[in-house]
Amino acid sequence: MAFSEIEKKRHEKKMDEFLRKRRPPPHERKEVDLGYRLEGQSIEIFEIRPLWNNPNELIEEQIAKATYVKSQKTWKIFWQRADLKWHRYDPDPEVDSIDDFLRIVENDELACFWG
């Protein structure tokens with residue numbers, strides 16, 4: 001089940017604020033940028049950059065994912081390992097709010113999200 005329109009707008013506002021702080025300066029965004037998407041009950045944060053052997057083709061490298069479990073009223077946090085699969089972020093696998101998720105991604109104490 002997807003987010004309601006109200007939830008979607010609320011999450012977009014939070015994500016736009018987060019990206020405003022984290023995105024590189026405008027003159028560097030052709031080389032590397034950040035984005036997000038809302039899919040179903042999940043929010044994904046990803047890096048955007050040109051493909052190394054074809055600069056005209058952009059690729060996305062996943063950074064973090066949070067999935068809302070409505071029945072539990074929690075957000076489950078995931079990070080993508082080198083195997084390109086999402087793995088539970090074990091130090092804090094669940095949080096109560098999108099703000100908590102973004103704070104964990106921002107702090108990145110174990111270097112899982114930003115390397």
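As a basis for the values below, the full set of heavy atoms in this structure was taken, side chains included, without hydrogen atoms, waters or symmetry mates. Here, residue 1 is the first one in the sequence, and each next residue gets the next number.
A distance of 10.0 Å separates OG1 of Thr67 from CD of Glu39, quoted to the nearest 0.5 Å. Note that the CD atom of Glu47 and the CZ atom of Arg22 stand 10.0 Å from one another [nearest 0.5 Å]. Note that CD of Glu106 is 7.5 Å distant from CH2 of Trp114, once rounded to the nearest 0.5 Å. In this structure, Ile98 CD1 and Lys13 NZ are separated by 14.0 Å, a value rounded to the nearest 0.5 Å. To the nearest 0.5 angstrom, Lys14 atom NZ is 8.5 Å from Leu102 atom CG. Note that CZ of Arg10 is 7.0 Å distant from OG of Ser4, once rounded to the nearest 0.5 Å.
Using a 4.5 Å heavy-atom cutoff, the side chains of Glu12 and Lys9 are in contact. Side-chain contact between Thr74 and Asp96 is present, with heavy atoms from C-beta onward closer than 4.5 Å. Using a 4.5 Å cut-off on side-chain heavy atoms (C-beta onward), Trp79 and Ile104 make no contact. By the 4.5 Å heavy-atom criterion applied to side chains, Ser71 and Val69 are counted as neighbours. Residues Gln41 and Phe3 meet the side-chain proximity criterion, which asks for heavy atoms closer than 4.5 Å.
Partner of Asp83 under the side chain to side chain donor-acceptor pair (under 3.5 Å) criterion, out of Arg81, Lys85, His87: His87 alone.
Panel note: side chain Asp108, backbone Cys112; a donor-acceptor pair is recorded below 3.5 Å.
Linking ILVMFWY side-chain heavy atoms closer than 4.5 Å, directly or via other members, places Met15 and Ile48 in two distinct hydrophobic clusters. One hydrophobic cluster holds both Leu110 and Ile77 under the rule that ILVMFWY side chains link at heavy-atom gaps under 4.5 Å. At a threshold of 4.5 Å between side-chain heavy atoms, the hydrophobic network of Ile, Leu, Val, Met, Phe, Trp and Tyr places Ile43 and Trp86 in two separate groups. A continuous path of Ile, Leu, Val, Met, Phe, Trp and Tyr side chains, each step under 4.5 Å between heavy atoms, connects Trp52 with Ile59, placing both in one hydrophobic cluster. Hydrophobic clustering keeps Phe78 apart from Ile45 (ILVMFWY residues linked when any side-chain heavy atoms are closer than 4.5 Å, directly or through intermediates).
Legend: residues meeting ring-ring contact (aromatic ring centres under 6.0 Å, His included) with Tyr68, ordered by chain and number and at least two apart, are Trp75. In this structure, the ring-ring contact (aromatic ring centres under 6.0 Å, His included) partners of Phe113, at least two apart in sequence or on a different chain, are Tyr89.
Other residues, nucleotides and ligands place no more than 12 heavy atoms under 6.0 Å from the CD atom of Glu109. Annotation: Leu51, atom CG; neighbour count of heavy atoms from other residues, nucleotides and ligands within 6.0 Å is above 12.
When all heavy atoms of Pro55 and Pro50 are compared, the closest pair comes out as O-CB, 3.5 Å.
The side-chain hydrogen bond (donor to acceptor under 3.5 Å, both in side chains) contacts involving residues 24-37 comprise Asp16-Tyr36, Arg23-Asp33, Arg37-Glu44, Arg37-Glu60, where partners must be two or more places apart or lie in separate chains.
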